[in-house]
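What follows is a single structure, written as structure tokens, with notes after it.
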Amino acid sequence: MTEQTPVKDKAATAVTLPDAQTVTSVRHYTDRLFAFRCTRPQSLRFRSGEFVMIGLMGDNGRPLLRAYSIASPSWDEELEFYSIKVPDGPLTSKLQHVQPGDQIILRPKPVGTLVHDALLPGKRLWMFSTGTGFAPFASLLRDPETWEKYDEVVITHTCREVAELTYGREIVEALRDDELIGELVEGKLKYYPTTTREESPKMGRITTLIESGEVFADLGIPPLDPAVDRAMVCGSLAFNLDIKALLEKAGLREGANSDPAEFVVEKAFVGDGV
Ligand code: FAD
Ligand code: A2P
């Protein structure tokens, strides 16, 4: 005789045990941004730059999941995520309160286009990001493959305010002292943070700074050239479209896992009507 599972228990089994991971640390950067680390499923293999679905159990007993770039590199024994706090956001209004020891849900199916495999070999890699779009680059910057593949890596990060640059700046600064890739990074890294709504050493949208040529003059490198430059882009849809137009104007073509080319793009989030 088989027993009928009560409806309540069926909902509880919606999260199978392997999908639950334990939060190990949390750090808040601003009232809009935080990062946390959690355990990594032993079986999870991913390529630096990919994203997974993570979340919490919703009030209705069903998982509430959202796409998140894995911010840690593929060799790290833990996973790191860099997150927005949307005040009324179904997930992040709750996720922003996680503490070490809490459990999150993680679907171990990594995907994404911000991966080395989707680019043809080149000499200089540009990583263009705004806001939490820095997250996939936090992974790629800490991956030795990035430094083995390119002679030069330029990471640009544009935020409204200075404090929103902190997470990215600390990762960039730590690279040089990193046991694993400190030597590889030496002389190859160019970091270009800009703000748009608060005074900082470099102000302006990166798109404007590309159009004016200022970014190339500041960094002492020639304008974009499809024979040399490769690019990865991660920001709002409007940002991605604007950068894409500039890259295409310079002669770079968009690539994909199945058809590698000179640049790749991923949305940092799905925005309001853009
Ligand atoms: P939602 O209902 O999902 O979003 C509400 C509104 O908040 C959106 O319409 C948008 O206007 C705004 N919003 C959502 N996410 C962001 C954001 N990251 N930055 C600025 N505004 C935002 N989010 C992260 O914080 N970190 C990541 O690494 C990340 N990676 C992503 C990768 C992909 C491929 C995609 C598609 C999205 C990613 N997101 C990331 C966004 C994430 O999936 C959720 O939208 C976000 O966590 C908010 O969830 P929510 O349920 O609270 O609000
Ligand atoms: P701005 O302040 O001029 O809008 P957001 O928080 O809205 O996602 O924006 C993050 C950063 O990305 C901000 O500095 C913002 O500049 C910049 N940004 C937004 N849209 C674009 C775009 N289409 N092109 C270039 N930069 C953009």
Side-chain angles (χ1 to χ4, degrees), residues 26 28-38 46 48-59 63-72 79-98 104-107 109-115 128-140 156-165 167-168 171 192-200 202-212 215 232-247 264-274:
V26 183
H28 291 266
Y29 290 87
T30 70
D31 57 359
R32 289 180 71 225
L33 294 166
F34 73 112
F36 65 93
R37 291 176 69 86
C38 68
F46 67 95
S48 295
E50 287 187 314
F51 67 91
V52 285
M53 302 300 292
I54 66 166
L56 296 169
M57 196 55 101
D59 295 336
L64 175 57
L65 301 173
R66 291 285 185 268
Y68 267 81
S69 295
I70 302 175
S72 46
L79 296 174
E80 183 172 309
F81 297 98
Y82 180 49
S83 181
I84 192 81
K85 305 175 196 177
V86 181
D88 301 318
L91 178 64
T92 56
S93 59
K94 295 192 174 74
L95 190 67
Q96 63 179 286
H97 300 296
V98 289
I104 62 148
I105 303 164
L106 186 146
R107 297 279 191 243
K109 292 195 179 69
V111 286
T113 55
L114 300 181
V115 291
F128 294 108
S129 66
T130 60
T132 60
F134 188 88
F137 303 134
S139 174
L140 283 154
T156 83
H157 192 198
T158 302
C159 293
R160 296 178 183 193
E161 295 165 15
V162 175
E164 294 170 342
L165 295 167
Y167 174 77
I171 281 172
Y192 198 74
T194 80
T195 57
T196 51
R197 302 194 194 185
E198 187 186 359
E199 198 72 34
S200 76
K202 182 50 70 177
M203 301 275 305
R205 289 180 164 199
I206 190 68
T207 42
T208 312
L209 298 164
I210 293 172
E211 276 176 309
S212 68
V215 59
M232 295 182 171
V233 182
C234 192
S236 63
L237 182 56
F239 170 74
N240 288 1
L241 289 173
D242 287 352
I243 289 274
K244 186 177 146 129
L246 291 171
L247 294 172
V264 281
V265 177
E266 194 106 79
K267 279 196 284 285
F269 60 93
V270 181
D272 301 309
V274 244

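One-based numbering, in listed order, for ligands and for the atoms of each. All figures in this text were calculated on a predicted structure; none of them were measured in a lab. Heavy-atom basis, side chains included; hydrogens, waters and symmetry copies ignored.
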Identity and separation of the nearest protein heavy atom to atom 17 (C) of ligand 2
T130 CG2, 4.2 Å

4.0 Å heavy-atom contact, G131 with ligand 1:
no

Subset of ligand 2 atoms that lie under 4.0 Å from at least one heavy atom of A238:
23 (N)

Kindly state whether the ring of Y68 and the ring of F51 have centres lying under 6.0 angstrom apart.
no

Nearest non-hydrogen atom to atom 19 (C) of ligand 2 belongs to which of R205, R197, E161?
R205

Could you check atom 23 (N) of ligand 2 against the protein and tell me its nearest heavy-atom contact, residue, atom and distance included?
D242 OD2, 2.8 Å

Across all chains, not counting sequence neighbours, the side chain to side chain donor-acceptor pair (under 3.5 Å) partners of H28 are K85

Minimum non-hydrogen distance to atom 25 (C) of ligand 2, winning option of T158, L241, T207:
T207

Quick check against the 3.5 Å criterion: does E198 have a side-chain atom that pairs as donor or acceptor with the backbone of V162?
yes

F34, F269, Y68: member with heavy atom nearest to atom 46 (C) of ligand 1
Y68

So for ligand 2, is F269 a polar contact partner (N or O within less than 3.5 Å, distance only)?
no

Atom 9 (O) of ligand 2 [closest protein heavy-atom partner, distance rounded to 0.1 Å]:
R160 NE, 4.1 Å

Could you find the nearest protein heavy atom to atom 16 (O) of ligand 2 and give me its residue, atom name and distance?
T196 OG1, 3.3 Å

Taking all atoms of both residues into account, what is the closest heavy-atom pair of E266 and N240, and its distance?
O-ND2, 3.0 Å

May I ask you to list the atoms of ligand 1 that are less than 4.0 angstrom from any heavy atom of K267?
32 (C), 33 (C), 34 (C), 35 (C)

According to ring-ring contact (aromatic ring centres under 6.0 Å, His included), who are the partners of F81, at least two apart in sequence or on a separate chain?
F36

